Amino acid sequence: MKRNLIIIVGVSFGLIILIISGNIIVVGEKIASLTHLRWTEWAFYGAIVGILCYYILFPIWRIHRAPAFPVLNISEQANEKQLHDLGRRLLKHCDYIEDDRLRKKHEEELGNDLRKASGDRLQLLNIVQEELTRRYDGNKEQCILGINGQIKEWAKSVFIISAISQNSKLDTISVMWLNYKMIEKIVMASGFRPNNRQMFKIYWKVLTTALVTYVMSEALENVGDVDLIHDDAFDDGAINNGESFLSSILHRIKIPGIIAGSAVDGSVNALMTLRIGFITRTYLQQGEKAFIGHESKQEIKLQAIKDSLNLFPIIALSAGKEIATGFSNLVYKHH
């Protein structure tokens, strides 16, 4: 499957390049014939190459050379200097707290804690771990959603919009936009504000890892033990992709067709959003080096799908309640 996909993508890009190149050559020859000057054709080609380099190749190179995003994780074996350096870096980037007053108060408290813990490795480790946990899990008292909370909320939004909408084109555009914003919000929830080049680098790493060779059936067969999935769900051997898998479950529990169709649309898109969210989280936890190599990427993808399937029932239940409440309120207002 992967080889076939690579061949299809390669052939498609090759055809596009040939078509564009052919049109450029035709235009160049017409310029030469009209001006009766051979050098104008080559000047035109040179101008096209210059535009290509300036607007496409050079920006890609700058994105590739952009500084790596800091790893938001620390090992238990980290020494005092590593803990102190990460603590100071976290202290300088507390933008995940939107309220200015709360952010300044937290920065002051964190700075004092780091100074008091200087020279005490174990205390430094606890302070850094607590700060990282706050950024990943959030804080209800300070109305901080956290990275994990962002993933849940954006996946729920995707489920609701996909389930309600019956327009495939609108679904596609909406899901693409929501996933784009989710990646941005997850990164911002880390407390850092990367520049545009760093952000595009993250988008590229996450989306290529999440989307290339995306086949739900392959993932479902390799994730191992997942709370949502049981062996009897695969007995008939007829599951070829995520949609047919969800359709078979909905069919077994006798859900009407129009509701089942909406549920499938919402479920497939929500699962994809969860997958992208968890891959983004992995990027923050392990850094871009973890995305180098086929085996490493495959491991990240499979773990992301396993996490997505475990969290999906909560997302579906919450989204279902909101949809039901919304329809109930709508009916109540009209009566």
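Bear in mind that the values here come from a model prediction, so they are computed numbers and not experimental data. Quick note: residue numbers are just sequence positions, from 1.
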Decide, yes or no, whether a salt bridge links [X] with [Y] under the criterion of side-chain N to carboxylate O below 4.0 Å.
| X | Y | value |
| --- | --- | --- |
| Glu184 | Lys181 | yes |
| Lys156 | Glu153 | yes |
| Arg135 | Glu131 | yes |
| Lys81 | Asp85 | yes |
| Asp100 | Arg103 | yes |

Which class fits the ring pair Tyr180 and Trp177: parallel under 30°, tilted 30 to 60°, perpendicular over 60°?
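The arrangement is parallel - the two ring planes meet at less than 30°.
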Return the minimal non-hydrogen interatomic distance between Ile127 and Asp113, and the atom names on each side.
CD1-O, 3.3 Å
Can you confirm whether Gln129 is buried at CD, in the sense that more than 12 heavy atoms of other residues, nucleotides or ligands lie under 6.0 Å from that atom?
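Buried by this count: over 12 neighbours within 6.0 Å.
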More than 12 foreign heavy atoms under 6.0 Å from CD of Glu29: is that the case here?
yes
Mind checking whether Thr40 and Phe44 have side chains closer than 4.5 Å, heavy atoms only?
no
I'd like to check Ile314 versus Leu311 (side-chain heavy atoms, cut-off strictly below 4.5 Å). Are they in contact?
yes
For Phe291, is there any backbone N or O sitting under 3.5 Å from a side-chain donor or acceptor partner on Tyr283?
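Between the backbone of Phe291 and the side chain of Tyr283 there is no qualifying donor-acceptor contact (under 3.5 Å).
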